[in-house]
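Following: one structure in structure tokens, then a few remarks.
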2 protein chains.
Amino acid sequence: METSNQPDPHWMVTALAALAHEHRLAAYRLLVEAGPPGVAAGEIAARLGLVPSSLTFHIQALLRAGLVTQRRASRHVIYAADFAAMNGFIGFLMQNCCGQGVVACAPCAPVQTDFNQAQTA
Amino acid sequence: METSNQPDPHWMVTALAALAHEHRLAAYRLLVEAGPPGVAAGEIAARLGLVPSSLTFHIQALLRAGLVTQRRASRHVIYAADFAAMNGFIGFLMQNCCGQGVVACAPCAPVQTDFNQAQTA
DNA sequence: TTGACGTTTCCATGATTATCGAAATGAGGA
DNA sequence: TCCTCATTTCGATAATCATGGAAACGTCAA
């Protein structure tokens, strides 16, 4: 029963810290929007207005946290969001920070992206 | 249709940073477990093995981020998790970091205790 | 009013993070 | 091979964060 491997608190701290910066959160959102094809380092830097070395500094935090993947395409280095990692990240928050037994937190209600999924629950 | 007021990226960075520390994440989880009754500052410090001034330092980060509430009960100061804030926090992540249009991220799947969802995609 | 308790503020110290320029590395194209 | 482009590494600097002791503050009981 694939219960989505639960991340440990130590990793959570690393991942939270990785996202806890204006530029890194922006970079991550950029990669989420781009999807699996990803975005080249230089283009991320350009869109965020960062010098190359700063981009590397920030994106390596995301890389170390396992939130993004890295691959090489010719001369470019392409970064892409790791959705499985984000899955585990959010899963931890919902299971550990949303009140187990407490009903005050309604995690699933807000999403429903936009495609009408007739999910009964 | 109460769509859960969407937090802005700036607040997200503040909240992420607030949780991105071993002691603060532990404190927050403690408060989540305690629920609405909350826990006194001294007891949080004792359970986490922190000196009073350090506890104050860390918990004020959570307070500034709006993730916890503070109230006074006699000589004690009681802190409690703000579940609405965590709701918004997770909501932002699911809407902005989970791939809009991309199906690779299955936000709600992990929680749903264990009922078999026949999600084809 | 006095005293004890719980908590916060203040202060100094050390550690970590963020930034940018310059140099080094790696990967094509001529 | 030589040159250029894309990215990373290195080094220095400034800023922010984390820690704990000591003092101050507010609250309650006697």
Side-chain angles (χ1 to χ4, degrees), chain A residues 9-31 34 37-82, chain B residues 9-31 34 37-82:
Chain A
H10 183 12
W11 176 77
M12 281 300 294
V13 170
T14 302
L16 284 161
L19 293 172
H21 187 283
E22 180 191 351
H23 295 154
R24 293 195 291 267
L25 183 59
Y28 186 78
R29 293 178 70 186
L30 195 66
L31 295 180
V39 183
E43 190 176 338
I44 303 175
R47 289 213 218 166
L48 268 50
L50 297 176
V51 298
S53 58
S54 287
L55 186 278
T56 296
F57 173 79
H58 286 300
I59 210 156
Q60 293 222 351
L62 294 170
L63 200 56
R64 272 193 301 273
L67 290 169
V68 304
T69 61
Q70 183 189 47
R71 75 174 195 273
R72 184 134 211 159
S74 168
R75 276 189 254 194
H76 297 197
V77 175
I78 310 291
Y79 290 94
D82 185 325
Chain B
H10 183 10
W11 176 77
M12 280 301 294
V13 169
T14 302
L16 285 161
L19 293 172
H21 187 283
E22 180 192 351
H23 295 153
R24 293 195 290 268
L25 183 58
Y28 186 78
R29 293 177 71 186
L30 195 66
L31 295 179
V39 182
E43 189 176 338
I44 303 175
R47 288 212 217 167
L48 268 51
L50 298 176
V51 298
S53 60
S54 287
L55 187 276
T56 296
F57 172 79
H58 286 300
I59 211 156
Q60 293 222 351
L62 294 170
L63 199 58
R64 273 194 299 274
L67 290 169
V68 304
T69 61
Q70 183 189 48
R71 75 174 195 274
R72 183 134 211 161
S74 167
R75 274 187 255 194
H76 297 203
V77 176
I78 310 290
Y79 291 94
D82 185 325

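Labels below follow one simple rule: chain letters A, B, ... track the order of the sequence lines, proteins then strands, and each chain is numbered from 1. None of the values given here were measured: they were computed from a predicted structure.
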Those residues that, when tested against B:Arg29, pass side-chain hydrogen bond (donor to acceptor under 3.5 Å, both in side chains) (two or more places apart): A:Asn96
Set of residues satisfying side chain to side chain contact (heavy atoms under 4.5 Å, CB included) with respect to A:Leu30, sequence neighbours excluded: A:Ile44, A:Arg47, A:Leu48
For A:Thr56, side chain to side chain contact (heavy atoms under 4.5 Å, CB included) partners two or more places apart: A:Gln60
Side chain proximity check, B:Thr69 to B:Ile78, heavy atoms < 4.5 angstrom: no
Spacing of CD1 belonging to B:Ile59 relative to CD belonging to B:Gln70, to within rounding of 0.5 Å: 8.5 Å
Side chain to side chain donor-acceptor pair (under 3.5 Å) partners of residues 12-28 of chain B, not counting sequence neighbours, each pair once: B:Arg24-B:His58
Non-neighbouring partners of A:Ala20 that pass side chain to side chain contact (heavy atoms under 4.5 Å, CB included), sequence neighbours left out: B:Leu16, B:Ala17
Residue pairs passing the salt bridge (charged side-chain N to carboxylate O under 4.0 Å, His left out) test where at least one lies in residues 58-67 of chain B, sequence neighbours excluded: none
Where A:Ala18 and A:Leu67 come nearest, the two heavy atoms and their spacing: CB-CD1, 4.1 Å
Listed partners of B:Ala41 passing side chain to side chain contact (heavy atoms under 4.5 Å, CB included), at least two apart: B:Leu55, B:Tyr79
Sugar-phosphate only, base, or nothing, as touched by B:Ser54 at under 4.0 Å among non-hydrogen atoms: base
Terminal contacting nucleotides, 5' and 3', DNA chain C versus chain B (heavy atom, 4.0 Å): C:dA4 to C:dT9
Give every pair of a protein N or O atom and an N or O atom of nucleotides 7-9 of chain D that lie under 3.5 Å apart, one pair per line with the distance.
unit_1, atom_1, unit_2, atom_2, d
D:dT7, OP1, A:Ala41, N, 3.2
D:dT7, OP1, A:Gly42, N, 3.2
D:dT7, OP2, A:Gly42, N, 2.7
D:dT8, OP1, A:Tyr79, OH, 2.3
D:dT8, OP2, A:Thr56, OG1, 2.9
D:dT9, OP2, A:Gln60, NE2, 3.0

Any residue of residues 11-30 of chain A with a heavy atom less than 4.0 Å from an atom of DNA chain D: none
